[in-house]
Each structure stands twice: as structure tokens, then as C-alpha cells.
Amino acid sequence: HLTSMSPELTGALVAFQSDYGLDPDGIFGQTSWRYLNTNAAERFRSLVINLHRARLMPGKPGDRYALANLPCAELHLFDANDFPAKSMRIVHGKASVESQHTNIFRDRMQEVVFGPYWNVPPSIARKELLPKMQEDWGYLSRNNYELVTSFGASAGNRLSPDTLESVAQGKILIRQKPGGSNALGYVKFLFPNRFNIYMHDTPAKSYFARANRDFSHGCVRVEKPDELAHWVFAPEGWTLERVRASMQNDLNKGVAVKGGINVYITYFTTFPRPAPGGRYLLAPGRDVYGLDTVNARTLAAVLPWKEGE
């Protein structure tokens with residue numbers, strides 16, 4: 001039973017937390033205990049399952065590519081020869097709502113939009129915004145929303161019972177104007193896919209400080225959007241200052257990503273995480289969507305153990 005921490009033990013814990021992407025606070029919190037209390041059998045099981053997942057990745061992921069790993073809630077940016085250029089935290093889809101899970105897939109980033117509108121999905125408009133509009137007729141204008149007949153034409157901002165009914169039926173749409181309160185922040189990163197998932201900035205920065213970071217409706221919020229955009233456009237000569245100026249000053253301006261950049265949304269509960277000093281550590285991640293058990297059943301014929309034993 002641990003009752004006190006010596007300076008040496010605290011230092012070792014801080015180093016461990018830094019290596020594994022945890023808050024380096026020197027406190028034995030829930031997440032640190034979970035990582036440290038993983039026994040050899042559990043690690044072996046996780047390694048085997050994740051090796052099978054790794055076989056689904058392409059042999060050549062691309063000259064430059066971005067890889068988001070959901071169990072670790074991190075985004076890693078890789079330059080040529082798989083050299084990790086930068087890492088940052090992400091917030092992804094809620095585990096408690098299956099329809100809001102972030103999908104696992106790969107595609108190509110083709111465009112970055114500075115000062116974006118947020119086109120509110122009709123399901124969110126109906127379930128989350130409509131009740132607030134019914135209770136508070138000033139909610140839309142106060143939060144920089146506008147009514148549109150399509151995501152390109154305005155329908156005015158006058159509310160009436162008929163307007164609310166049209167929103168409920170999806171005949172009138174809602175979008176949020178660019179600016180600091182916009183749910184997408186100052187920039188979004190598009191890699192068109194059938195799931196309508198993209199990466200974006202966010203005004204809700206506090207979630208990045210949490211150990212468990214599954215809070216979105218499915219899209220991926222990035223901790224350092226300015227640094228991500230700088231990495232995307234650095235080969236074209238963009239400076240970080242130019243990126244930040246575009247984020248602050250441009251309104252719904254799309255910039256094409258020349259040649260495209262491969263984006264991978266992955267699910268590795270054991271992952272070779274880049275660590276300080278040019279090292280890689282096989283870091284355990286949280287099985288946030290419970291897919292280890294699902295995948296183990298799928299792989300039952302080739303796994304060197306029987307699930308449940």
C-alpha cells in the first residue's frame with residue numbers, strides 16, 4: 001500500500017507519464033494506475049490483436065501522412081521515412097453514444113478552410129439546438145447562428161412557430177458564422193469521406209487536458225490547429241505566422257493541399273508512440289470503443305488462446 005512518494009519515485013512517475021502521453025503531474029491518478037497495472041498476459045493479448053490491425057495498414061503509408069490513434073486520443077504527423085514531426089492531443093467521438101463513435105478509415109486531406117462556417121447537421125439541430133431555440137428566442141443570434149434554406153443561401157433570422165417546425169423537419173437548416181465562438185474554431189481540415197468526418201479547431205480547449213477525450217459528435221478536434229496547418233503547408237513555404245494570420249482574418253477561405261496528404265484514423269490499443277529522445281514506446285491505449293473483445297472474437301481461429309479463459 002503506497003502511502004508516500006519520495007522525490008525519486010515522483011521523478012520516475014513523471015518520466016513515465018511523459019513517455020506515455022499522460023499528464024506529467026507526478027500523481028498516481030486513475031489513468032496512471034491503469035497503465036501500470038497491465039500484466040504481461042494482457043499486454044501479450046493486446047500486442048497480438050494490434051499486430052493483426054497493423055497488417056491492414058498499407059505497406060507505404062505515404063511520403064507525409066497524419067495518423068490519429070483513437071485509444072490514445074493523439075494525432076501524429078509523419079514526414080518522409082516515417083519520421084515523426086509532431087504530435088498533439090485530439091478529442092474524438094463519444095464512447096457512450098454509438099452513433100457518435102469516430103469511424104476508423106483512411107483518406108486524403110485535400111483542403112484546409114480558414115474561418116469556416118459550421119453547417120449544423122440536421123440531427124444536431126433537431127436534438128440539441130431546437131429545444132434551446134424554443135426556450136430562448138434570442139439563442140440563435142446571440143451564439144452567431146443563422147437560418148439558411150441550403151448551406152449557401154440565407155433564410156433570415158426571424159423565428160416563428162412555422163420556422164421552428166421547418167427546422168424540426170429539416171426544411172430550414174442552421175449554420176454558425178465564422179469567428180471565435182464557432183464550434184469549428186478558426187480552421188478545419190477536409191479529407192472527404194462517406195462518414196463526413198474531418199479535423200478542426202475548437203473553442204472548447206479544456207477537453208484536451210482530460211485523460212479521457214471522447215466528447216465530440218464524431219469529428220476530430222485537434223489541440224494545435226495552427227501547428228497542424230503549418231505542417232500541412234510548410235512544403236509550400238507557409239510560415240506559422242502566415243497560418244495564424246489566415247486563421248484570424250480569412251472568412252470561409254479554402255486552400256487546396258497540393259498533392260494531398262494521407263490521413264489515417266486508426267484504433268491501436270498498443271501503439272508505437274513517439275517519445276522524447278527519438279524513442280518509440282509500445283504505449284497502451286484505452287479500449288474506448290470496446291473493440292479489443294470484438295476483434296478477438298473475429299480472430300478466434302488464429303489467436304494462440306481462447307477468449308474468456
Colleague: Roughly how far apart are Q134 CD and L130 CG, rounded to 0.5 Å?
Modeller: 4.0 Å
Colleague: Indicate yes or no for a side-chain donor-acceptor contact from D226 to the backbone of R244 under 3.5 Å, with no hydrogens or angles considered.
Modeller: no
Colleague: Identify the two heavy atoms, one from L77 and one from A66, that lie closest to each other, and give their separation to 0.1 Å.
Modeller: CD2-CB, 3.7 Å
Colleague: Look only at the side chain of Y145 and the backbone of L129, and say whether a donor-acceptor pair between them is shorter than 3.5 Å.
Modeller: no
Colleague: Same cluster for L70 and F215 if Ile/Leu/Val/Met/Phe/Trp/Tyr side chains link at under 4.5 Å?
Modeller: no
Colleague: Evaluate the side chain to side chain contact (heavy atoms under 4.5 Å, CB included) criterion for residues L67 and F271: first the C-alpha distance (whole Å), next the side-chain angles of each, then the deciding distance (0.1 Å), finally the verdict.
Modeller: CA-CA 11 Å; L67 188 151; F271 183 74; 3.7 Å; yes
Colleague: Say you draw a straight line from CZ of F28 to CH2 of W33; how long is it, rounded to the nearest 0.5 Å?
Modeller: 5.0 Å
Colleague: Taking only residues at least two apart or on different chains, which pairs with a member in residues 207-220 satisfy side chain to side chain donor-acceptor pair (under 3.5 Å)?
Modeller: E128-H217, N212-R286, D214-R286
Colleague: V243, L251: one ILVMFWY side-chain cluster at the under-4.5 Å cut-off?
Modeller: no
Colleague: With a sphere of 6.0 Å drawn around CG of D25, does it hold more than 12 non-hydrogen atoms of other residues, nucleotides or ligands?
Modeller: yes
Colleague: Sequence neighbours left out, what passes side chain to side chain donor-acceptor pair (under 3.5 Å) with R142? Give chain and number order.
Modeller: D136
Colleague: Begin from the C-alpha positions of R43 and L282 and carry the test side chain to side chain contact (heavy atoms under 4.5 Å, CB included) through to its verdict.
Modeller: CA-CA 10 Å; R43 292 302 301 273; L282 285 177; 3.9 Å; yes
Colleague: Only pairs at least two apart or in different chains count here, so list each salt bridge (charged side-chain N to carboxylate O under 4.0 Å, His left out) that has a residue in residues 189-203.
Modeller: D201-K205
Colleague: Among all residues two or more places apart in sequence or in another chain, which pass the salt bridge (charged side-chain N to carboxylate O under 4.0 Å, His left out) test with E74?
Modeller: R273
Colleague: Can I get a per-line list of side-chain donor-acceptor pairs under 3.5 Å for residues 182-191, giving both atom names and the distance, sequence neighbours left out?
Modeller:
unit_1: N182; atom_1: OD1; unit_2: L184; atom_2: N; d: 2.7
unit_1: N182; atom_1: ND2; unit_2: P116; atom_2: O; d: 3.2
unit_1: N182; atom_1: ND2; unit_2: Q176; atom_2: O; d: 3.1
unit_1: N182; atom_1: ND2; unit_2: K177; atom_2: O; d: 3.0

Colleague: Please find the pair of heavy atoms, one from Y264 and one from P61, that lie closest to each other, and give the distance.
Modeller: OH-O, 2.6 Å
Colleague: Using the rule given for side chain to side chain contact (heavy atoms under 4.5 Å, CB included), can you reason through I265 versus F195, listing the C-alpha separation, both sets of side-chain angles and the distance that settles it, and then say yes or no?
Modeller: CA-CA 12 Å; I265 310 294; F195 308 113; over 6 Å; no
Colleague: Going only through I, L, V, M, F, W and Y residues with side-chain contacts under 4.5 Å, is there a path from V220 to V232?
Modeller: yes
Colleague: Got a sec, which pairs hit salt bridge (charged side-chain N to carboxylate O under 4.0 Å, His left out) with one end in residues 255-264, sequence neighbours left out?
Modeller: none
Colleague: Going by atom type alone, with no hydrogens or angles, which donor-acceptor pairs under 3.5 Å involve a side-chain atom of residues 95-105 and a protein atom two or more places apart or on another chain?
Modeller:
unit_1: H101; atom_1: NE2; unit_2: A95; atom_2: O; d: 2.9
unit_1: T102; atom_1: OG1; unit_2: G93; atom_2: N; d: 2.8
unit_1: T102; atom_1: OG1; unit_2: G218; atom_2: O; d: 2.8

Colleague: Rounded to the nearest 0.5 Å, what separates atom CG in L75 from atom CE in M199?
Modeller: 5.0 Å
Colleague: Quick check: do P284 and E42 have side-chain heavy atoms less than 4.5 Å from each other?
Modeller: no
Colleague: Go through the side-chain N and O atoms of T269 and N50 and say whether any donor and acceptor fall under 3.5 Å apart.
Modeller: yes
Colleague: If hydrophobic clusters are built from ILVMFWY residues whose side chains come within less than 4.5 Å, do W238 and V113 share one?
Modeller: no
Colleague: What verdict does the side chain to side chain contact (heavy atoms under 4.5 Å, CB included) test give for V257 and Q110, after you've listed the backbone C-alpha separation in whole Å, the side-chain angles of each residue and the deciding distance to 0.1 Å?
Modeller: CA-CA 5 Å; V257 179; Q110 299 178 9; 5.6 Å; no
Colleague: Please check if the side chain of D292 supplies one atom and the backbone of A296 the other of a donor-acceptor pair under 3.5 Å.
Modeller: no
Colleague: Are I197 and W118 connected in a single hydrophobic cluster, I mean Ile/Leu/Val/Met/Phe/Trp/Tyr linked by side-chain heavy atoms less than 4.5 Å apart?
Modeller: no
Colleague: Does K224 have any salt bridge (charged side-chain N to carboxylate O under 4.0 Å, His left out) partners at least two apart in sequence or in another chain, and if so, which?
Modeller: none
Colleague: Would you please name every residue forming a side chain to side chain donor-acceptor pair (under 3.5 Å) with R242, sequence neighbours left out?
Modeller: none
Colleague: Listed by chain and number, what are the side chain to side chain donor-acceptor pair (under 3.5 Å) partners of Y198, not counting sequence neighbours?
Modeller: none
Colleague: Determine which pairs satisfy salt bridge (charged side-chain N to carboxylate O under 4.0 Å, His left out) with at least one residue from residues 102-119, sequence neighbours left out, and list them in order.
Modeller: none
Colleague: Mind checking the CG-OG spacing from N143 to S181? Nearest 0.5 Å is all I need.
Modeller: 7.0 Å
Colleague: Has R221 got a side-chain atom pairing as donor or acceptor with V91's backbone, closer than 3.5 angstrom?
Modeller: no
Colleague: Once rounded to the nearest 0.5 Å, what's the spacing between atom CE of M88 and atom CZ of F208?
Modeller: 9.5 Å
Colleague: Can you measure from CZ (F268) to CG (L291) and round to the nearest 0.5 angstrom?
Modeller: 12.0 Å
Colleague: Applying side chain to side chain donor-acceptor pair (under 3.5 Å), name anything that partners H200, two or more places apart in sequence or on another chain.
Modeller: none
Colleague: Any idea which heavy atoms bring G290 and V294 closest together, and the distance?
Modeller: O-CG2, 3.6 Å
Colleague: Between the side chain of Y267 and the main-chain N/O of V288, is any donor-acceptor distance below 3.5 Å?
Modeller: yes
